[in-house]
Amino acid sequence: MTLSKFSIHGVRGVALLAGTMLSSTAFAQAQRAPAAAAPAVRPPAVQAPAAPTAPVRTIRSLRVEGSQRIEPDTVLSYTKLRVGIPYTAETLDQAIKDLYASDLLADVAIEGAETGDIIVRVRENPIINRVVLEGNKRLKDDKITKEIKLAPRQIFTRTAVRADVARIIELYRRQGRFAANVEPKMVMLDQNRVDVIFEIQEGAKSKVRQINILGNEVFSDSQLRGEMATKESRPWRIFSSNTSYDQDRLAYDQQKLRQFYLTEGYADFRVISAVAELTPDKEDFIITYVVEEGPRYKFDDVKVESAIRDFDNAALTKTLPMKKGDWYNAKQVEDTIDQLSEYAGLFGYAFTDVRPDYVPDREKHTMSITFVLNEANRTYVEKINITGNTQTQDRVIRREFRVAEGDAFNAFLIKRSQDRINSLGYFQDKFEIERTEGSSPDRIVLGANVEEKSTGELTLSAGFSSLERFIIQASIRQRNFRGKGQDLQASVNYSTYQKSVELGFTEPYLFDKNIALGGTIFRRDLNSFNFLGTGRNSLYSQVSTGGQLVASVPLTEFWTLSGRYQLSQDNVGLDEGTYFTNGVCDPLKAGRYLCDSIGNRLTSMVGANLIFDNLNNRLRPSRGQRLVTGLDFAGLGGDVRFARIRGDFDKYWNVGGFILSAGVEGGYIHSLQKSAGEGIDPVRIVDRFYLGEPQFRGFDIRGVGPRIQRQQYTGSVASGDQTLVTAREQVLNDPLGGKAYYLGKIELEPPLGSGIAELGLRPSIFVQAGALFGVTRPRPTLAFEQARNADGTLQFNKDGSPSLLPFSSPITTTGGLQVYNNQFTDGSGAPAIRQTTCAVGYAATIGGTCVGGEPNTVAINTTQPFLEQFLGDSARPRLSIGIGVNWNSPFGPLRIDLAKALLSQPGDDRKLITFNVGTQF
């Protein structure tokens with residue numbers, strides 16, 4: 001076995017030259033021999049002698065030697081040599097060239113030219129055993145092998161090797177690696193086989209070191225570079241792919257420059273040349289543009305001439321966005337063409353030809369434009385074709401069309417149909433309805449070529465969260481159940497502080513009518529919480545069991561009315577071991593506001609929503625608006641009576657690729673029951689509104705609005721050093737909710753490159769403002785008495801704050817009996833205290849017979865002083881600003897927000913970073 005490095009050029013040429021020299025020399029010698037043996041003849045004196053004529057030779061026999069796989073007849077078929085035909089040196093030379101051109105042979109020689117017994121000696125090209133790639137890391141083997149032509153069991157030729165080397169280098173150049181080098185080698189094997197090895201040196205990616213622009217006077221180099229897709233390589237662009245050289249991008253940048261100048265009014269602008277020079281080290285490129293800006297133009301007369309009789313030329317001219325004297329703008333002209341085409345489509349002209357007629361005045365630097373609408377026929381929908389739907393039934397797609405077969409064409413309704421199909425969420429993003437000419441000029445065929453995507457969601461997850469502790473989630477949902485567009489879902493959630501089971505089903509078209517009907521049954525066990533110390537403590541529990549029915553019917557294309565009925569049993573309770581004393585809720589432990597909220601109540605509620613929705617996509621809108629106004633009334637039976645109103649409005653704009661959205665929402669709840677007493681709000685704590693994460697970024701869960709804060713005092717009265725605990729983890733912070741709230745936001749999503757978009761990333765910046773307020777101020781849990789000095793004057797601490805005495809109260813049983821402390825001696829002889837209801841003596845049971853004559857002391861419960869404050873009940877706006885990103889990750893949709901609260905009220909709970917996981921963005 002031999003490993004040899006070969007040159008792409010020269011080997012075949014040497015063989016061809018050697019073969020030609022050998023055969024032609026022998027043939028010439030054979031022809032000269034008879035002439036040399038003939039006697040010399042003196043020519044006549046008057047006429048010059050004729051040159052001697054060589055005898056004509058004919059191929060007497062013809063055979064091929066050296067062929068192994070190729071039949072001799074096949075070898076001869078590539079030449080014009082045949083037995084019985086005359087031949088010359090040129091004939092044999094051409095035969096050798098023809099055989100080499102077949103790419104079947106590595107060496108060719110012809111013998112027997114002097115006798116006519118021609119022998120064609122050949123050496124066949126070897127068979128490729130395998131093709132090996134070495135040194136390739138940036139391009140995997142499968143990317144290269146599908147581009148090259150050499151493959152195992154094919155015939156090896158140097159021409160093919162040269163071509164494959166060029167192909168591999170071109171692949172690397174497409175990646176911007178112009179320093180790539182490919183060195184082919186071959187390993188000779190037995191049986192005339194060969195291994196082909198391509199040794200690849202990939203080299204570094206060639207960057208754009210510098211972009212030079214010559215000829216620009218109006219706009220600076222930096223401003224023009226900003227319009228280009230290609231960027232100069234700089235340290236801060238380390239993650240950008242636009243800093244590498246790309247020939248296609250170079251052509252695109254020329255179009256971008258021209259588009260920019262035409263938008264600014266320079267109608268004569270042109271790029272004279274664009275040259276990309278590779279630096280000597282082959283690492284970077286220097287790109288130089290030579291441009292000619294020309295003069296800036298203004299619009300002159302601009303008008304519309306329509307051959308369609310339904311249109312008024314003067315009226316259309318008045319609607320044109322450009323006016324005489326405005327700076328010329330080519331983008332504005334293109335947009336006007338689209339607007340006129342859409343306008344014609346509203347009247348049923350699907351294939352209206354709008355052509356601008358430009359008349360430039362080179363001296364005055366003005367541009368007159370006439371928008372010509374050529375004559376067209378009113379168009380009707382001949383057929384609607386739906387293809388690509390393997391699971392979704394045709395009628396699910398067809399019912400979203402706002403036009404039917406036979407209707408007059410209407411561009412607005414076609415666009416609306418497209419938006420409605422996109423909003424289903426069953427098909428590929430940016431689905432478009434195709435338009436093709438029908439069987440006659442006044443007929444059009446609409447095509448919905450959909451590409452279905454997964455609509456089922458199965459989630460099984462377990463984890464640990466600092467907020468929820470141990471979490472188990474299991475849910476299954478099919479948004480296109482049985483291909484009928486039905487929504488079926490079931491979910492189970494379990495964590496330390498929240499447990500729920502929910503089943504739901506929605507039929508969007510009941511009995512094939514545009515009426516949606518859905519229902520949900522649920523059981524939810526929610527524990528509200530607060531923080532004290534380093535731990536999280538349950539505050540109150542709410543167990544809700546019930547169901548809901550929802551029906552909706554469209555009023556118009558954009559307006560929908562929906563109604564609902566919900567019946568639920570709510571049980572609000574407190575941990576008796578923590579917040580109860582002698583079986584009764586203790587205000588000193590839980591707070592009077594929580595003791596007033598516990599109980600078991602039945603809620604029977606009806607509600608209605610009025611919805612306006614013209615969003616282009618309900619899942620990821622970029623244009624349109626949505627308004628929802630809702631009213632709920634609880635009181636059709638049950639124990640709870642209130643009226644609640646809510647409103648939510650969102651609007652989206654697409655501004656040059658940026659998605660700008662603005663939204664505002666608010667609500668108010670009013671009780672239809674009387675208050676149970678002073679300081680008790682008639683609206684239950686579980687029916688109120690709450691505001692915070694995730695709706696209001698920059699604040700914690702339920703971090704905005706009315707709350708009770710309780711801070712303990714440390715130190716002693718005697719030393720006068722009582723101080724309040726201020727550490728957040730040692731302050732009780734109980735949110736109470738509110739009866740009214742508002743929340744507004746402005747959010748901007750920038751346009752992204754295709755690479756980032758394919759990763760599922762959608763960053764945004766946002767500003768939010770809102771407030772929660774309007775709850776009745778709770779009664780203080782306890783009032784502590786201020787200590788007095790020996791002379792009877794009030795006592796103060798060293799910092800000037802009043803010194804407060806602990807609160808002492810006698811302990812009683814549930815039945816109201818006084819509890820006493822009884823002293824006794826335990827088994828070890830040590831003194832001990834036990835409690836009894838006997839003022840004298842001791843009884844083993846409550847109210848039992850008292851035995852003994854020793855008097856007892858009254859049992860006292862002592863509560864150390866604390867400061868209880870009612871905070872946050874203010875309609876003043878809270879304000880936050882931040883950045884966030886949605887990521888459609890392989891593990892599910894995620895959202896991370898970094899938000900800073902700029903305005904807040906005392907008691908509000910701020911939070912800088914929020915992290916949310918959802919099943920659908």
Side-chain angles (χ1 to χ4, degrees), residues 255 258-259 262-263 267 299-324 326 328-359 367-385 400-422 430-449 557 614-617 622-624 653-657:
Q255 294 297 324
R258 177 167 174 76
Q259 183 180 6
L262 289 177
T263 302
F299 283 113
D300 198 355
D301 293 329
V302 183
K303 59 183 179 179
V304 177
E305 290 185 359
S306 173
I308 303 175
R309 59 185 178 182
D310 293 342
F311 296 162
D312 185 346
N313 293 340
L316 286 177
T317 300
K318 290 180 181 179
T319 64
L320 296 179
M322 68 283 292
K323 305 299 179 184
K324 184 176 181 179
D326 294 345
Y328 173 74
N329 187 328
K331 180 66 168 56
Q332 199 174 41
V333 174
E334 293 177 3
D335 293 342
T336 302
I337 295 173
D338 293 338
Q339 291 171 6
L340 290 173
S341 296
E342 291 181 4
Y343 180 78
L346 295 178
F347 289 86
Y349 298 95
F351 303 108
T352 305
D353 183 17
V354 182
R355 295 186 180 182
D357 184 8
Y358 298 92
V359 181
M367 183 75 70
S368 298
I369 302 179
T370 301
F371 293 95
V372 180
L373 278 70
N374 294 319
E375 186 174 0
N377 294 320
R378 192 180 296 273
T379 312
Y380 296 86
V381 178
E382 180 178 9
K383 193 175 183 181
I384 298 177
N385 292 327
E400 300 300 329
F401 273 87
R402 302 296 93 182
V403 294
E405 295 175 353
D407 288 352
F409 176 85
N410 187 302
F412 172 78
L413 295 180
I414 300 300
K415 185 66 172 65
R416 178 60 182 164
S417 303
Q418 182 175 296
D419 292 344
R420 289 179 65 92
I421 294 175
N422 274 319
K430 298 181 180 179
F431 159 80
E432 293 185 358
I433 296 177
E434 301 172 354
R435 310 175 189 178
T436 56
E437 292 188 8
S439 58
S440 61
D442 62 344
R443 295 289 183 269
I444 186 172
V445 176
L446 302 180
N449 185 14
E557 177 61 29
N614 68 348
L615 298 177
N616 64 333
N617 190 315
S622 60
R623 174 176 46 82
W653 298 269
N654 191 328
V655 185

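Side chains of Asp353 and Asn374: a donor-acceptor N/O pair is present below 3.5 angstrom, by distance only. Between Ser622 and Asn616, the side chains place a donor N or O and an acceptor N or O closer than 3.5 Å (distance only, hydrogens not considered).
In terms of heavy atoms, Val403 sits closest to Ser417 at N-OG, 4.3 Å. Residues Met367 and Ala267 come closest through the heavy atom pair CE-CB, 3.7 Å. Contact detail for Pro356 and Ile369: the closest heavy-atom pair is CB-CG2, 4.1 Å. The heavy-atom pair separating Glu557 from Arg416 by the smallest distance is OE2-NE, 2.8 Å. Between Ser306 and Asn313 the shortest heavy-atom distance is N-OD1, 2.9 Å.
Without hydrogens or angle criteria, Thr317 side chain to Val304 main chain gives a donor-acceptor distance under 3.5 Å.
Residues Ile433 and Phe401 have side chains in contact (heavy-atom distance under 4.5 Å, counting atoms from C-beta outward). Contact check for Asp442 versus Thr379: no side-chain heavy atoms found under the 4.5 Å cut-off.
If you take CD on Glu432 and NZ on Lys415, they are separated by 8.5 Å, rounding to the nearest 0.5 Å. Taking OG1 of Thr436 as the start and CG of Asn385 as the end, the distance is 7.5 Å to the nearest 0.5 Å. Atom CD1 of Ile308 is separated from atom CZ of Phe347 by 10.0 Å, given to the nearest 0.5 angstrom.
Legend: residues meeting ring-ring contact (aromatic ring centres under 6.0 Å, His included) with Tyr328, ordered by chain and number and at least two apart, are Phe299.
The only member of Asn422, Asp419, Asn449 that meets side chain to side chain contact (heavy atoms under 4.5 Å, CB included) when paired with Phe431 is Asn422. Between Val354 and the options Leu373, Thr336, Asp338, a side chain to side chain contact (heavy atoms under 4.5 Å, CB included) holds for only Leu373.
Ion pairing between a basic and an acidic side chain is recognised when a charged N comes within 4.0 Å of a carboxylate O; Asp301 and Lys324 show such pairing.
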